[in-house]
Amino acid sequence: MSLHLASYDITRDSSRQAVARILLRYGRRVQDSVFEIDLEPEDLGELKREVGPWLSPTDLFDLFPIDTRRVHSRVSWQRDPNP
């Protein structure tokens, strides 16, 4: 399993909500349009198939692999990142 950071900039409210629901099945919300998700290599194609139909040509969806060897290197302040 690999940890990824998913972020998006989606214009339509209904599409944004649908993508958020999809991503919540894979992980947890960090901010409104940012999620930490766990993916097996074989899950990437399925995620693309689920998210793709909700995106318009002007929308943006990014997926960043995170080095799991450094998962505890996060620095946060003000609010507890793990409520």
Side-chain angles (χ1 to χ4, degrees):
M1 182 116 6
S2 297
L3 187 63
H4 289 74
L5 188 71
S7 66
Y8 55 79
D9 185 6
I10 299 174
T11 308
R12 288 186 33 209
D13 288 339
S14 59
S15 295
R16 217 174 20 253
Q17 293 166 1
V19 170
R21 282 191 300 274
I22 292 166
L23 293 175
L24 283 171
R25 292 198 326 260
Y26 290 90
R28 71 179 193 90
R29 182 176 251 144
V30 177
Q31 290 186 357
D32 283 342
S33 59
V34 180
F35 292 75
E36 286 179 345
I37 61 173
D38 291 310
L39 288 176
E40 296 288 351
E42 60 271 14
D43 293 336
L44 183 56
E46 180 64 24
L47 179 64
K48 286 181 177 181
R49 282 188 291 281
E50 289 185 75
V51 170
W54 293 103
L55 302 177
S56 74
T58 59
D59 291 337
L60 179 64
F61 184 92
D62 287 312
L63 189 61
F64 303 95
I66 297 175
D67 185 350
T68 57
R69 294 171 297 177
R70 298 179 48 91
V71 74
H72 298 293
S73 64
R74 177 187 206 163
V75 177
S76 298
W77 57 91
Q78 290 299 102
R79 234 175 355 124
D80 181 4
N82 301 307

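In this chain, numbering begins with 1 at the start of the sequence shown.
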Side-chain atoms of residues 58-66: list all donor-acceptor pairs with protein atoms under 3.5 Å, sequence neighbours left out, distances to 0.1 Å.
from, atom 1, to, atom 2, distance (Å)
T58, OG1, S56, OG, 3.3
D59, OD1, T11, N, 3.0
D59, OD1, T11, OG1, 3.1
D59, OD1, S56, OG, 3.3
D59, OD2, S56, N, 2.8
D59, OD2, S56, OG, 3.2

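- Note on V19: it does not cluster hydrophobically with L5, by side-chain heavy-atom contacts below 4.5 Å among ILVMFWY residues.
- Sorted by first and then second residue, the salt bridge (Lys or Arg N to Asp or Glu O under 4.0 Å) pairs involving residues 48-57 (not counting sequence neighbours) are R25-E50, E46-R49.
- When hydrophobic clusters are built by joining Ile, Leu, Val, Met, Phe, Trp and Tyr residues whose side-chain heavy atoms come closer than 4.5 Å, directly or via intermediates, L55 is grouped together with L47.
- E40 pairs by the side chain to side chain contact (heavy atoms under 4.5 Å, CB included) definition with M1, E42, D43, not counting sequence neighbours.
- Put simply, CZ on R28 and CD1 on I37 are 12.5 Å apart, with the number rounded to the nearest 0.5 Å.
- Side-chain heavy atoms closer than 4.5 Å link hydrophobic residues (I, L, V, M, F, W, Y) into clusters, and following such links, possibly through other members, connects Y26 to I10.
- Residues passing the side chain to side chain contact (heavy atoms under 4.5 Å, CB included) test with S14, sequence neighbours excluded: R12.
- One hydrophobic cluster, built from ILVMFWY side chains closer than 4.5 Å, holds both L44 and I22.
- Counting heavy atoms from C-beta outward, Y8 and L23 have side chains that approach closer than 4.5 Å.
- One hydrophobic cluster holds both W54 and L24 under the rule that ILVMFWY side chains link at heavy-atom gaps under 4.5 Å.
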